[in-house]
Amino acid sequence: MIEDIEPNLCRMEIPLPKSPLKWLNSYVVRSRHRFLIVDTGFNQDECQNEMNVNLQKLGVDLNKADIFVTHFHVDHIGLAGTLATENSKVYLNESETRQMNSLRDNWVGHWQRLLDVYVANGFPAEEARISMENHPAHKFGLKREVAFSIVKDGDIIEIGDFHFQCVSTPGHSPGHMCLYEPNKKILIAGDHILSDITPNIAYWLEMDDPLNEYLTNLEKVQALEVKIALPGHRRLIHDLPKRIRELQEHHRDRLNEVLIALRDGPKTTLQIAPKITWDIAFKCWEEFPPTQKWFAFGETLAHLRFLENKGKVRREIEDDKISYYLA
Ligand SMILES: [Zn+2]
């Protein structure tokens, strides 16, 4: 499906089968000589077929196309290696380019370190193994190595009469990057801000306090004048300040739920996570599929880290198991 947004800017809806995200919004910007594709979909047949059909309808010549990846999650970067030609630039932020390179060299070691943190926080080892095996990152990544063109905060990408500023917005991922067009007041938001669902703020080995960075970067984007925000999933956002206030409130509520969960005594992350309100189509924690448990668990860890850095909770380690207390 293709939707025109502005002259020379359109949205392609790329299905994400079996993902609660439902679809990815990929955007195409065109000038007389060149195309820019923002985000791509899983490296998987369903995504690739829909992408090919859409690009053909739009008359996109991949030999004249560059690709901007808002962040390195596989629903955004997956097809970049398939679409890029030798004439394409594939833009990605600096920290995730570095991580893509080190992940390539030590994929197993990286995931094992992450798994160790989850298990130390109470996630059952066997479920952790299953969650990891089913994690989209293991199935739908780049089909080949890509030489990324690094973009930094404030860099400009020009295409036709679009002058996009790169706006660094870590939080959802370690180096997440939005694109802002100040004259047209358009923000390509990636997964920094979504409409019907809240972006997952997870625990990352590479980030000290992802939620703090996320909330700081919500304020950064709040300061921009935006007529329409184009998110990585679901519907377009016409009232960005309102959506940002809702997201801020959502995290305040979730932080409160964590504190309330600790009122009657210390708990592991696994004991706290089921007490949080999750916006998911399952009745209780036990019914969550392993991958959704993994995401919810990571989100709980990120909130605990934020509260710990604010001095509201403290952790204690006993027999390699981590418990949290109200400070
Ligand atoms: Zn996404």
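Side chains are part of it too, since the values below use all heavy atoms of this structure and drop only hydrogens, waters and symmetry mates. Every number for a ligand or one of its atoms is a count from 1 in the order of the listing.
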Matching residue for Met177 among Val151, Thr70, Val167, Val69 - test: side-chain contact (heavy atoms from CB on, under 4.5 Å):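 For Met177, the side-chain contact (heavy atoms from CB on, under 4.5 Å) check succeeds only for Val151.
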Angular separation of Asp191 OD2 and His233 NE2 about the Zn ion (ligand 1), given to 10°: 100°
Check: Phe42 ring centroid to Trp23 ring centroid under 6.0 Å: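 Distance test on ring centres: not under 6.0 Å, no.
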When you measure from the Zn ion (ligand 1) to the N, O or S atoms of [X], does any of those distances fall below 2.8 Å?
X	answer
Asp39	no
His73	no
His71	no

Side chain to side chain donor-acceptor pair (under 3.5 Å) between Asn217 and Glu213, worked out: CA-CA 6 Å; Asn217 287 318; Glu213 286 203 44; 4.7 Å; no
Lys184/Asp161 ion pair, N-O < 4.0 Å: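 Asp161 and Lys184: salt-bridged.
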Main-chain N/O of Ser323 paired with Arg315 side-chain donor or acceptor, under 3.5 Å: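 Such a contact is absent between Arg315 side chain and Ser323 backbone.
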Name of whichever N/O/S atom of Asp75 is nearest to the Zn ion (ligand 1): OD2
